[in-house]
Amino acid sequence: MDKKLERILPRGQKPARYTGGEYGEIRKDLSGVELRMALCFPDVYEIGMSNTGMRILYRVINDMPGVWCERVFAPWFDMAEEMRKNALPLYALESGDPLSEFDAVGFSLGYEMAYTTVLEMLSLAGIPMHSRDRETLTPLVFAGGSVCCNPEPMAEYFDLMVVGEGEDVDREVLELLRSAKREGWTKKEFLSRAAKIGGIYVPSLYKPEYAPDGTLAGMTALDGAPETVTKRIMTDFENSCFPVDAMVPNTEIVHDRVGLELFRGCIRGCRFCQAGHIYRPVRNRSVEKLLQQGKEALSFSGYQEITLLSLSSSDYRGLNELCDGLMEYCEPRGIGLSLPSLRADNFSMDIMQRVQKVRKSGLTFAPEAGTQRLRDVINKNVTEEDLLRSCATAFRGGWNSVKLYFMLGLPTETDEDVLGIAELADRVVHCWRENAVNKARGLRVTVSTSCFVPKPHTPFQWEPQVSREEYLRRVTLLRENMKAKAVTYNWHDPETSFTEAVLSRGDRRIGALLEEIWRRGGYLESWSEGFALSRWTDSADKLGLDLTFYANRTRPLTELLPWDHINMGVKKRHFIREYEQAHRGCLSPDCRAACSACGANAFLPGGKCDG
Amino acid sequence: MDKLRLVYEQTGRARWISHLDAMRTLQRGLNRADVPIKYSEGFNPHALISILMPLSVGTESLYQMADIRVREEVDLAGLPERLTLAMPEGFRFRDVYENGAKPTEMKWLRVRGVWEYDERNPEEMTELCRELFSRPVQVMRKTKRGEGLFTVTEHIRDLRFVPGEKAVTVEALLSCNEPMVNPDLLTAAVAQNAPEASPDGGHFCRLATFKADDTAFR
Ligand code: SF4
């Protein structure tokens, strides 16, 4: 270990996150390594190590002969400061070698608020931030992850971006880079070849033009790059990589357990939900496979807890069978099974009761909106009866705390919808009075609201976000009407939601804004310690950018959107139809009830979803 | 068979693992090696593992001890090797046995430390340290009850300083029970009483533990 690092470590919090050396860490002999990849996560160790995508890619890339993939996380503020003071460049955990020595530096990007962290990590590594300032072939700096569905805000910084699932594409990029290194290609040559790989977006090969009113007027593909970049997915999800031998950290992380990935995609079409649209079509893993993977991962890791991962676990067809099989293994070993993202229906509550006989975790539901009318607008197919019936079952089974999640500022929302949230909470309290088996323990209902953020590649991509003042007015209205003692109301501050709205639908001009915010100290902005709205507004003023143009403007359906040249599988036609359905207050069926021909089936051989 | 004592090393990168994290890491290692650990009763059952003398972050140990409770007979043959394979880098199991001595019988801890001097002469530093510790030395230390002056030399035996390359090796027997003297107090004592000899870096390693009568504690 580097002497400088050894001396810095005792000064910061939680040194174990900066040392590597975990059980299951992959180390390779450099004499057999041709290509070195740094897999970077722009957040702290505890968050990055909890990320399923990171675990998968670490395994997939390290399975390539001659390639060594190591991990890099963002240092917490105290450590970043010490590193700068002591001229210790950002390093990879496995070897301790500085990032600048790597051939490929790949970022996993799951949320927009991590953008400035990418800039700081590159700066800590001494790597030029802008793609245009990195003239040599290596280090190649690229990114993948869900936010790449609108690659524009970070376009100036990355040499290329991976659209869709990375398991295959990353390997193809690294193979091409290996050839490029061997044969001495220039970076330009490499990028123009990379642009021909499906799912690769090379930002420097696309030139945006803007109309006088500030909207996008055109996006020209240069040098033979494809007009649209279409995402890639793992079509054979059953047999795609799940690392049963994933690393086990030496220090506590956020999701410190085995996570079994049941399926990708979602059959529901909630109109605000980006994940539900960009991961289409649904691809399942069989019960047999999941049982095998779950048991192997538990036995390898020594974890005492396993959880099921998916966008909506209740929609997994074999859920009953899977839970029974897992319980058979877990119960005698004292291993806990947790079931997040369940729907509020009878079927799910039944399973929940069987699984959580001993340790009862809290109940969490996300009705998202307070009235049936608004739930229909957003296509959240949950009724009040469903929710209350589920609560009744739970209260009879001994549960005594419920968390309810809502959004404020959804399209067409009125004060009546806002007040509907308070009424729903009251009905849950009433339901507890009628059904609780042990009233002495009391009830806790927690209502949380966040400000709706319109996202690209959803039917609400044209919608405005309500202003911060309007969101806070609705919060006050709700707070004043939340009367029951058992109900606690938490609201998410609207400031980060506002900046998220700017970034998620931003265009290439946002790149300069990010740099300015970073210069003013923006780093780890998804943490309150790293975020200040004033940094954003001051930076925007300096650059003459109007943030409300991105966040709060209603975009006409005819406007060219900055992400229109990225094809995530669902056709724009479908989004328009869903947008219109929403404004008529009409529900659309889920994929199992009836296919709405969104276009995503084209990604599967035979064109059949949900197999 | 109910209680087992594990003796292990925790060195290298593993010295940065905190006490709580070491407990978790041990528990997972035991699970991987199929050792049937006993759990506490109650609402939130936890594994019955206790580390005899928690290691402070940054310190190495060649002689860490942990007691565990087991649900059933465990075959002890080959268990240390199996446990070593089931643990992250830096942990090596030396022994597993029943009937370990009572923790209260532990009295002395042998430590060795390296104090690094990037620019200063190690011979001179050794002299300064020897000189300092030739008389009673007090050090300000924080305890649960607050800050206070503590005469560290009353609880140290066999203190030796040996000059090396860009470093001084420190060896000592420290009281590790009533009172517990953390080896970092030696470094603090130098920083507070002879700042000119305060090292640029370095750390300690625990070597062995003894009872009050100087026989091995195991
Ligand atoms: S093609 Fe049909 S079934 Fe497949 S994801 Fe789209 S709407 Fe659902």
Side-chain angles (χ1 to χ4, degrees), chain A residues 1-27 45-46 79 86 93-96 245 247-253 256-258 296-306 330 332-336 356 358-361 398 441, chain B residues 10-49 56-60 71-72 83-91 114-116 118 166-167 184 187 199-204:
Chain A
M1 191 184 276
D2 188 282
K3 251 269 131 71
K4 279 185 201 158
L5 177 60
E6 284 195 344
R7 291 193 187 163
I8 293 173
L9 278 179
R11 294 180 214 155
Q13 299 171 36
K14 305 187 197 167
R17 53 188 175 179
Y18 304 114
T19 62
E22 302 88 338
Y23 185 74
E25 179 190 77
I26 297 174
R27 302 185 63 109
Y45 181 90
E46 296 90 306
M79 185 67 176
N86 294 279
L93 291 182
E94 280 74 0
S95 63
D245 55 353
M247 205 180 312
V248 183
N250 287 336
T251 181
E252 200 174 17
I253 59 170
D256 217 359
R257 55 188 80 94
V258 170
E296 281 178 29
L298 284 168
S299 122
F300 175 86
S301 64
Y303 270 128
Q304 284 295 112
E305 198 185 339
I306 182 168
C330 294
R333 292 170 177 81
I335 298 171
Q356 304 207 324
V358 208
R359 289 184 218 188
K360 286 186 171 36
S361 61
R441 282 174 60 206
Chain B
Q10 187 176 338
T11 62
R13 294 198 271 179
R15 76 178 159 106
W16 300 105
I17 300 176
S18 71
H19 171 57
L20 268 180
D21 287 334
M23 298 265 283
R24 249 188 297 270
T25 304
L26 275 178
Q27 182 185 346
R28 285 172 192 159
L30 289 159
N31 284 342
R32 290 179 200 122
D34 285 323
V35 175
I37 332 168
K38 205 182 248 177
Y39 283 82
S40 63
E41 310 277 323
F43 197 68
N44 248 324
H46 60 269
L48 295 171
I49 300 177
S56 52
V57 176
T59 305
E60 291 186 298
R71 300 191 298 267
E72 52 198 67
L83 279 170
T84 299
L85 286 176
M87 288 290 282
E89 183 188 308
F91 286 88
V114 178
W115 283 346
E116 297 161 359
D118 298 345
K166 290 196 165 206
D184 291 337
T187 321
D200 299 313
H203 69 279
F204 278 91

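Lettering follows sequence order; numbering is per chain, from 1.
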Side-chain heavy-atom pair [X], [Y] within 4.5 angstrom cut-off:
| X | Y | answer |
| --- | --- | --- |
| B:L20 | B:R24 | yes |
| A:Y23 | A:N250 | no |
| A:Y18 | A:M79 | yes |
| B:T59 | B:R15 | no |

Note: vs chain A, highest number of non-hydrogen pairs under 4.5 angstrom among B:M87, B:E116, B:Q27, B:R71 is B:E116
One option among B:D200, B:D21, B:V57 has the most heavy-atom pairs under 4.5 Å with chain A, and it is B:D21
Side chain from CB out, backbone as N, CA, C, O: work out which of these in [X] comes under 4.5 Å of a heavy atom of chain A, or both, or neither.
| X | result |
| --- | --- |
| B:D184 | neither |
| B:L85 | backbone |
| B:D34 | neither |
| B:T25 | side chain |

How long is the gap from SG on A:C330 to CG on A:L298, to the nearest 0.5 Å?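 Here the rounded value is 5.5 Å.
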Select one option (side chain, backbone, both, neither) describing which atoms of [X] are under 4.5 Å from chain B's heavy atoms.
| X | result |
| --- | --- |
| A:K3 | side chain |
| A:F300 | backbone |
| A:E6 | both |
| A:T19 | both |
| A:L5 | neither |

For B:Y39 and A:Q304, run side-chain contact (heavy atoms from CB on, under 4.5 Å): C-alpha distance rounded to whole Å, both residues' side-chain angles, the deciding distance at 0.1 Å, then the answer. CA-CA 12 Å; B:Y39 283 82; A:Q304 284 295 112; 2.9 Å; yes
In plain terms, say whether A:E94 and A:R27 are close enough for a salt bridge, that is, a side-chain N and a carboxylate O under 4.0 Å apart.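 Here A:E94 does not pair with A:R27 in a salt bridge, since their nearest N and O are not under 4.0 Å apart.
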NZ or CZ of B:R32 within 45° of A:Y303 ring axis and under 6.0 Å: no
